[in-house]
Amino acid sequence: MKILSVSPNYNSNKQVPYQQNAVTSKKTLLISQKTNLIKFGDGRYLPDTKKINASDCSQTQIELLGKYFHEKDDDEIEYACSRLNYLFFHDEKKSKRGYERLSAEVKKVQKQKKEWISEISKLTTKEAMGESNIVEQKLRVQRGFLNYINIPNAKIVNGILIYGQSREKEEFIKWIKNDADATYMEVQYDHSNPTASLRKIMDQSENAKIVFDSTKRRTILMVKDLDKLLTSDSTPQERRNLGVFKSFIENISEKYHTTIITKTDRAIDDFEDASIGTERFGLLVKLKDGITKEGKGRLADLREKVQELNTYASECRDKWYYPDHYVEGGGWDQLANGG
């Protein structure tokens, strides 16, 4: 592509008039302050700087331009914002203002698009897993536990076990904690010191009873790594420890106004059968990862938003550029004749 040449004496710090032999129309090529060779895309189109007018357009218009130009590089954006004054000199002030406005909007659009694409990636992974059962399991816990937690003399489960290969187990427990009108406590089960760990569970249950007697609020006791106790029955000592726990949890809801919650990544078949029987863990909650109904809607919405931005970018040239008649074979006559 042949571009208007710049005199060897050209100084970018001075206002430089247009070449005298150039056609002074809105399609006239601006002189770059950086280089005498400007080539964007396939070199056949250049930004229509007068039409773009990034320095003086409205906020609504600059936001629209940000969508159209969000895939352009910084040099092209700077060129697109170049302005001339009424004598066809480079207007440095307006050019800088236009560039700052459009560049800031482009960065905003790029950041938003990046966030959308990242979220699409995560939702697409979930979509490939099938449908999530999180909503259904929340409904089970709501109906089987949360709805009764503050009803006097209601029969409430002693324990809730969250299992399955879902990565949402921690979030599920947080949901129970936040949704329940109850005191929340935590205990860490240490498999290397089971006696002390069992004592901590019992002590916290005693504390929960005191809380209930004074406030009438039940307690949710989260026991971390409890699965190490519930899946260990190969030695006499392990069986004794497991027996102590099974006897204690059978009455924890009625006697101590407490429900134990725990989670595991282990298969349900690894557990000693009686340790997770209904009289001890009245709710076994198997979580399955996947996409929810809301997630499907969100995914469709995000895909539409990204596609909209892609459409803006693909239409940028037709909307805001003009054919470069300085390309070899184009000739000055075409430009002079308005070609």
Side-chain angles (χ1 to χ4, degrees), residues 134 136-164 166 168-232 240-266 268 271-272 274-287:
I134 301 291
E136 291 81 357
Q137 294 292 33
K138 282 185 176 181
L139 188 59
R140 279 189 65 219
V141 172
Q142 188 74 48
R143 291 173 175 173
F145 175 60
L146 296 175
N147 287 349
Y148 300 98
I149 200 167
N150 286 321
I151 297 178
N153 302 318
K155 185 174 176 60
I156 298 176
V157 294
N158 291 304
I160 300 173
L161 173 63
I162 315 293
Y163 72 105
S166 171
E168 302 291 330
K169 291 191 282 291
E170 195 71 42
E171 288 301 314
F172 196 88
I173 291 172
K174 286 182 181 178
W175 167 76
I176 295 176
K177 172 188 174 181
N178 294 333
D179 208 62
D181 183 15
T183 302
Y184 182 83
M185 300 180 183
E186 289 187 358
V187 171
Q188 176 72 50
Y189 179 80
D190 182 359
H191 193 54
S192 66
N193 195 347
T195 302
S197 295
L198 288 169
R199 174 46 55 193
K200 285 182 181 178
I201 294 172
M202 294 174 185
D203 288 346
Q204 285 290 53
S205 300
E206 290 285 357
N207 292 335
K209 185 177 185 301
I210 294 171
V211 170
F212 182 83
D213 290 341
S214 61
T215 66
K216 301 305 177 185
R217 283 171 61 87
R218 292 181 61 86
T219 292
I220 294 174
L221 180 58
M222 170 63 185
V223 184
K224 297 181 178 180
D225 293 332
L226 184 61
D227 54 352
K228 293 177 181 178
L229 171 65
L230 303 180
T231 57
S232 301
R240 279 194 294 271
N241 294 333
L242 188 54
V244 170
F245 176 78
K246 288 193 293 185
S247 297
F248 180 76
I249 194 175
E250 283 179 0
N251 302 302
I252 196 171
S253 178
E254 183 179 357
K255 185 175 180 180
Y256 298 98
H257 311 285
T258 297
T259 294
I260 284 181
I261 292 184
T262 192
K263 66 181 179 70
T264 184
D265 292 330
R266 302 189 65 161
I268 203 70
F271 287 76
E272 196 264 349
S275 70
I276 56 171
T278 55
E279 70 278 13
R280 298 182 178 92
F281 286 90
L283 279 174
L284 300 180
V285 181
K286 183 178 183 180
L287 298 185

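Everything numeric here is computed off the predicted structure, so don't read it as measured data. Residue numbers start at 1 and run along the sequence shown.
Every residue was checked against the side chain to side chain donor-acceptor pair (under 3.5 Å) condition with Lys263, not counting sequence neighbours, and none meets it. For Ser253, the side chain to side chain donor-acceptor pair (under 3.5 Å) criterion is met by Arg218, not counting sequence neighbours. Applying the ring pair (Phe, Tyr, Trp, His ring centres under 6.0 Å) test to Tyr256 and every residue at least two apart in sequence or in another chain returns Phe248. Glu136 meets the side chain to side chain donor-acceptor pair (under 3.5 Å) test with no other residue; sequence neighbours excluded.
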Only distances under 3.5 Å count here; give the side-chain donor-acceptor pairs of residues 219-228 to other protein atoms, sequence neighbours excluded, each with its distance to 0.1 Å.
residue, atom, partner, partner atom, Å
Lys224, NZ, Glu186, OE1, 3.3
Asp225, OD2, Gln188, NE2, 2.6
Asp227, OD2, Thr264, OG1, 2.8

Pair Glu206, Lys209 - check salt bridge (Lys or Arg N to Asp or Glu O under 4.0 Å), show working.
CA-CA 5 Å; Glu206 290 285 357; Lys209 185 177 185 301; over 6 Å; no
Residues Val141, Trp175; criterion side-chain contact (heavy atoms from CB on, under 4.5 Å); working and verdict
CA-CA 11 Å; Val141 172; Trp175 167 76; 3.9 Å; yes
Would you sort out whether Lys200 and Asp190 count as a salt bridge (Lys or Arg N to Asp or Glu O under 4.0 Å), showing the intermediate values?
CA-CA 10 Å; Lys200 285 182 181 178; Asp190 182 359; over 6 Å; no
Worked check of side-chain contact (heavy atoms from CB on, under 4.5 Å) between Ile162 and Ile160:
CA-CA 7 Å; Ile162 315 293; Ile160 300 173; 3.8 Å; yes
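Distance check, rounded to the nearest 0.5 Å: CG of Leu146 to CG of Asp181 gives 10.5 Å. Distance check: Ile261 CD1 to Met185 CE gives 13.5 Å after rounding to the nearest 0.5 Å. Atoms CD1 and CD, on Ile173 and Glu168 in that order, are 12.0 Å from each other to the nearest 0.5 Å. Taking CD1 from Ile201 and CD1 from Ile249, the interatomic distance works out to 8.5 Å, rounded to the nearest 0.5 Å. Put simply, CG on Asn251 and OG on Ser205 are 11.5 Å apart, with the number rounded to the nearest 0.5 Å. Between the CD1 atom of Ile260 and the OG1 atom of Thr262 there is a distance of 8.5 Å, given to the nearest 0.5 Å.
Side-chain contact between Val285 and Leu161: absent, with no pair of heavy atoms (C-beta onward) separated by less than 4.5 Å. With a 4.5 Å cut-off on side-chain heavy atoms, Pro194 and Phe245 do not count as touching. Under the 4.5 Å side-chain criterion, counting only non-hydrogen atoms from C-beta, Lys169 is in contact with Asp265.
Listed for the Arg280 side chain is no donor-acceptor partner under 3.5 Å among the backbone atoms of Glu250. Distance alone, capped at 3.5 Å, places no donor-acceptor pair between the Ser232 side chain and the Leu229 backbone. Looking at Ser247, its side chain never comes within 3.5 Å of a backbone N or O of Val244 through a donor-acceptor pair. Of the possible donor and acceptor atoms, none in the side chain of Arg266 sits under 3.5 Å from a partner among the backbone N and O of Thr231. No side-chain donor-acceptor contact under 3.5 Å links Ser275 to the backbone of Phe271. At distances below 3.5 Å, at least one donor-acceptor pair connects side-chain atoms of Asn147 with backbone N or O atoms of Gln142.
Here the shortest heavy-atom pairing between Val157 and Gly282 reads CG1-CA, 3.8 Å. The two atoms that bring Leu283 and Arg140 nearest to each other are CD2-NH2, 3.5 Å, heavy atoms only.
Side-chain polar atoms of Asn158 and Glu279 form no donor-acceptor pair below 3.5 angstrom.
A cation-pi contact, defined as under 6.0 Å to the ring centre and within 45° of the axis, is absent between Lys286 and Tyr163.
No more than 12 heavy atoms of other residues, nucleotides or ligands shown are found within 6.0 angstrom of CZ on Arg143.
Under 4.0 Å is where a charged nitrogen must lie from a carboxylate oxygen, and between Glu254 and Lys155 no such pair does. Residues Asp179 and Lys138 are not paired through a salt bridge, judged by the lack of any N-O separation under 4.0 Å between the basic side chain and the carboxylate.
Within the structure, ring pair (Phe, Tyr, Trp, His ring centres under 6.0 Å) contacts touching residues 139-158 (residues at least two apart or in different chains) do not occur.
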